[in-house]
Amino acid sequence: MKSSKQTVIFHGGDYNPDQWLGYPDVLSEDFVLMKSANINAVSVGIFAWAALEPEEGNFQFSWLDDVFDRAEKSKIRVILATPSGGKPNWLALKYPEVRRVGRDGLREPQQRRHNHCLTSPVYRSKVREINTRLAQRYGDRPALALWHVSNEYLGYCYCDLCLAAFQNWLKERYQTLDRLNDAYWSRFWSHTFTEWEQIRTIDDSIHGLGLDWKRFMTAQCADFLRAEAIPLREHSPGIPVTTNFHPIDDYDYFRVAEEIDVVSWDSYPEWHAHPDPLDESDIAVETAFRLDVCRGMKSGKPFLLMECTPSQVNWRQVSPLRRPGMLRLSSLQAVAHGSDAVCYFQIRKGRGGSEKFHGAVIDHAGHANTRTFREVAALGATLGRMPDVTGTRVPAKVALVFDWENLWAINASQSPQNAHKEYRETCLHHYREFWRRGIAVDIVNARGGLDGYDLVVAPMLHLLPDGLPERLEAFVDGGGTLVATYQTGYVNETDLCFTGGAPGPLRRLLGIRVEEFDALPDSVRRSVVPRPSAGHGLSGVYEARHFFDIVHCEGAEPLAEYGSDFYAGSPALTVNTCGRGRAYYISSRNDDRFQGDFFGYLAGALHLPRVIPAPLPPGVTAHLREGGGERFLFLLNFTHRDAAVSIPPGAWREIDSGALVEDEVRLDPLGSKVFRSSRHPESWK
Ligand code: GLA
Ligand code: ZN
C-alpha cells in the first residue's frame with residue numbers, strides 16, 4: 001500500500017493534455033514551464049473520456065502513460081481524475097438512459113457536461129469499467145497522489161429510473177403511505193398519495209416532499225460517488241479519494257463528504273467587483289466562510305483548494321483580472337483556513353471551446369513572460385517554503401451552525417417574509433464579527449458535534465432535526481453559550497410545524513415563546529433599545545429590519561426591547577441561564593453596530609482566543625494553523641491600502657524573507673504574509 005501522507009502543499013491544477021494530442025512540442029514545453037512555475041501537481045483526465053475510450057471498448061492509454069512518464073521525470077504529482085463529468089458522444093447516443101431528464105420531462109440531447117443520470121445502471125457500469133482500467137493501470141504509478149472523482153457533481157435527474165429509485169427510497173424511509181402522508185401533510189390540496197407510483201413529480205406545495213427529494217438526490221450522488229471509488233480503492237489502496245465541490249446548494253455536502261477521504265473545493269470569488277474599490281472585505285468574508293465550510297465537512301481536517309483562476313474567469317458578465325497581489329492573497333487565504341493545496345483552473349489555456357478565454361497559468365502566448373505566470377511561480381516558491389503546513393489544524397472555540405437542509409426548508413417555505421429570507425447572508429452577518437477580530441470559527445452542520453466549543457452561534461435554525469435540541473441543551477447545560485435568532489424552531493425534519501409554536505423544542509432552553517413575527521419591507525426600520533443596566537456592550541439605539549419576533553419571556557431575562565411599532569417594549573434580545581451556560585435569543589435582524597457591540601462583548605466575556613490580541617485594521621485578518629509543534633500565522637490585507645499589524649508574542653519568522661519579526665508588520669495593499677513559530681508561549685492562550 002502506498003503512503004497517502006501528503007508532505008507538500010499541492011500547487012498546480014487542471015491540466016488537459018488530451019486537448020493537445022496533436023501538439024507534441026506543446027506537451028514537452030508544458031513540463032518545462034510547469035517546473036519554472038513551481039508547480040508540483042497536475043489534475044489530469046477530468047474530461048478525457050473521449051480520448052481514453054474513443055469507441056466503445058477501444059481503450060487508448062498511451063497518451064496518459066506519456067503524461068505519467070513526463071510527470072515522474074519532472075517530479076510532478078498526478079491527481080488522476082475519473083472522467084464521468086463529461087461523456088463521449090457514442091455513449092450518450094447508444095444508451096439514451098445515461099442522459100439526464102429535466103423537470104420538464106425532456107431528455108438532455110448531449111451537450112456540454114455534468115448532465116448524466118445518477119441512477120442509470122448503464123452509466124454506472126460504463127463508469128465502473130473505465131475507472132477500473134484507470135486504477136489497474138495507474139494505481140501503482142509513483143506519481144499518483146490522489147483520485148479526483150468526476151468533476152463538480154451537481155443537479156437532479158427526473159427520469160423514470162431516478163423516480164423509481166426515489167419511490168423505493170421513500171418506501172424504506174416511511175414504510176407505509178399513511179406514514180408518508182402524515183409526514184407530508186399531503187391532505188393539503190388533496191394530494192394524499194394512495195400508490196407509491198403517484199410520487200412522480202416534485203410538487204413545490206408539499207414541502208416535505210421537496211426536502212426528501214433533495215435528500216434523496218444527495219444520497220444518490222453519494223452512492224454514485226461511492227460506486228465510482230470502489231475500483232479505485234480496490235486497485236490503489238492508500239491513495240486518497242476526493243471529488244471537487246463548488247458553490248451549489250443541490251446536495252448536502254456534509255453527507256456527500258462522508259464518501260471521500262479529503263474535501264476539495266473550487267473557489268471563484270468575485271474579487272474587484274465591489275462598489276468600494278478600496279475594500280474587498282465583503283467577498284473576503286464570503287470566501288472565508290465557504291472555506292470554513294470545507295474544513296467543517298471533515299470536522300477540521302485540512303481540505304484542498306482544487307480550482308481557482310490564476311487570472312480571471314470568463315463566465316461572469318464582467319470578469320476583472322486579479323489585481324497584482326490578489327492571486328497570492330486569496331491563495332494564502334485558502335491555506336490559512338485549512339487548505340493543503342493551491343490549484344488552478346487551468347494550467348494551459350485551450351485554443352477552442354467555451355473556456356478558450358478563461359484564465360490559465362500558460363496563456364495562448366505560450367511562454368513564461370506574463371504577470372500571471374510570474375505571480376504563480378512566486379506563490380509556488382512561498383508554498384514550497386512551508387511544506388509542514390500540510391496536516392496542521394485551525395484551532396477554534398466558536399462553532400457556527402450552517403445546514404443545507406435548513407437552507408432548503410427556509411428557501412422552500414412560503415412565509416410572510418419571502419423577499420428577505422437571506423439565510424446564508426445571515427450566517428455571514430454573524431460570521432463576519434469573528435472574522436474581523438481574528439477569531440477562528442468552525443462551521444458545523446445541524447448534526448455536527450459541539451464538544452470543545454465555548455460559543456455556538458446558530459442563526460435562523462428554522463428546521464430542527466431530531467436530536468439537535470437535546471444536543472444544544474447538553475452544550476449549554478455543560479457551560480456553553482448559545483446564540484439563536486429569529487426564525488428558529490419552526491419545523492421538524494419533514495417540514496411540519498411544531499405544535500406549541502416557535503421556537504418549538506428549544507422553548508425551554510431559550511426560556512421564551514414567540515407569539516408571532518412581523519415581516520416588513522426592506523426600506524422599513526424599527527428600533528431596538530437596550531434595557532437600562534442590560535450591559536452586554538449594548539448602547540444607544542439600534543436599527544432592525546425584515547424580521548421582528550414578538551417574544552414572551554418564560555424564564556429568560558430581556559436585555560433589549562423594541563422601541564417602535566405596536567410591539568414597542570417587548571423583548572428584542574433575551575438571555576436564559578440553563579445549567580452552567582447561557583442561551584441568547586435575538587428577535588430581529590439587527591444592524592452592523594448591534595452585531596459589533598454584542599459579539600464584541602461575547603468575544604471578551606468568553607475570552608475567545610484571538611490570533612492578534614489588539615484590534616485589527618478594517619479589512620485585515622489574522623489566522624493561525626498549528627500542529628507538529630509549529631504554528632503558522634497568516635496576515636492578510638483585503639484592502640487596497642497599506643496596513644500595519646502588531647505581531648503577537650512569540651518568535652515569529654517570516655516564511656519568505658526568513659527574518660525574525662517582532663512588534664509591527666507592514667502589509668502592502670492586498671498584501672499577505674506568513675510567519676512560523678516553533679514556540680508555544682502561554683501568552684497565546
Ligand atoms: C469549474 C469547472 C472547471 C472549469 C471552471 C471554470 O469550476 O470544474 O472545469 O469549467 O469551472 O471556471
Ligand atoms: Zn435519472
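Note that ligands are numbered from 1 as they come in the structure, with each ligand's atoms numbered from 1 the same way.
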Problem set entry | Protein-derived N, O or S atoms lying under 2.8 Å from the Zn ion (ligand 2), waters excluded | 4
Problem set entry | No-hydrogen, no-angle side-chain donor-acceptor test under 3.5 Å, Glu29 and His367 | no
Exercise. Between Glu258 and Arg226, is there a salt bridge with N-O shorter than 4.0 Å?
Worked result: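 A salt bridge is absent here (no side-chain N lies under 4.0 Å from a carboxylate O).
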Problem set entry | SB check Asp65 Arg70 (cutoff 4.0 Å) |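 Arg70 and Asp65: not salt-bridged.
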For this session: Evaluate side-chain contact (heavy atoms from CB on, under 4.5 Å) for Ile362 paired with Phe373, printing each intermediate quantity in order.
Result: CA-CA 7 Å; Ile362 307 169; Phe373 193 97; 4.3 Å; yes
For this session: Just grab all the side chain to side chain donor-acceptor pair (under 3.5 Å) pairs involving residues 8-17, residues at least two apart or on different chains.
Result: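 Checked against side chain to side chain donor-acceptor pair (under 3.5 Å) - neighbours excluded - the pairs reaching residues 8-17 are His11-Tyr344, Tyr15-Asp30.
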Cut-off 3.5 Å, no hydrogens considered: what does the side-chain donor-acceptor table look like for residues 213-222, sequence neighbours left out?
{"from": "Arg215", "atom 1": "NE", "to": "Glu405", "atom 2": "OE1", "distance (Å)": "3.2"}
{"from": "Arg215", "atom 1": "NE", "to": "Glu405", "atom 2": "OE2", "distance (Å)": "3.0"}
{"from": "Arg215", "atom 1": "NH1", "to": "Asp212", "atom 2": "OD1", "distance (Å)": "2.9"}
{"from": "Arg215", "atom 1": "NH1", "to": "Glu493", "atom 2": "O", "distance (Å)": "3.2"}
{"from": "Arg215", "atom 1": "NH2", "to": "Glu405", "atom 2": "OE1", "distance (Å)": "2.9"}
{"from": "Arg215", "atom 1": "NH2", "to": "Glu493", "atom 2": "O", "distance (Å)": "2.8"}
{"from": "Thr218", "atom 1": "OG1", "to": "Lys214", "atom 2": "O", "distance (Å)": "2.8"}
{"from": "Thr218", "atom 1": "OG1", "to": "Asp252", "atom 2": "N", "distance (Å)": "3.0"}
{"from": "Gln220", "atom 1": "NE2", "to": "Thr119", "atom 2": "OG1", "distance (Å)": "2.9"}

Exercise. With distance as the sole test, does Tyr156 use its side chain to make a donor-acceptor pair with the main-chain N or O of Asp250 at under 3.5 Å?
Worked result: yes
Exercise. Is there a donor-acceptor pair closer than 3.5 Å between any side-chain N or O of His364 and the backbone N or O of Gly350?
Worked result: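 Checked: pair present.
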For this session: At a heavy-atom distance under 4.0 Å, which protein residues reach ligand 1? Sort them by chain and number, would you?
Result: Phe47, Arg113, Asn151, Glu152, Asp266, Tyr268, Glu307, Trp315, Phe345, Glu355, His358
Problem set entry | Val241 and its side chain to side chain contact (heavy atoms under 4.5 Å, CB included) partner, picked from Leu146, Val149, Thr82, Val262 | Val149
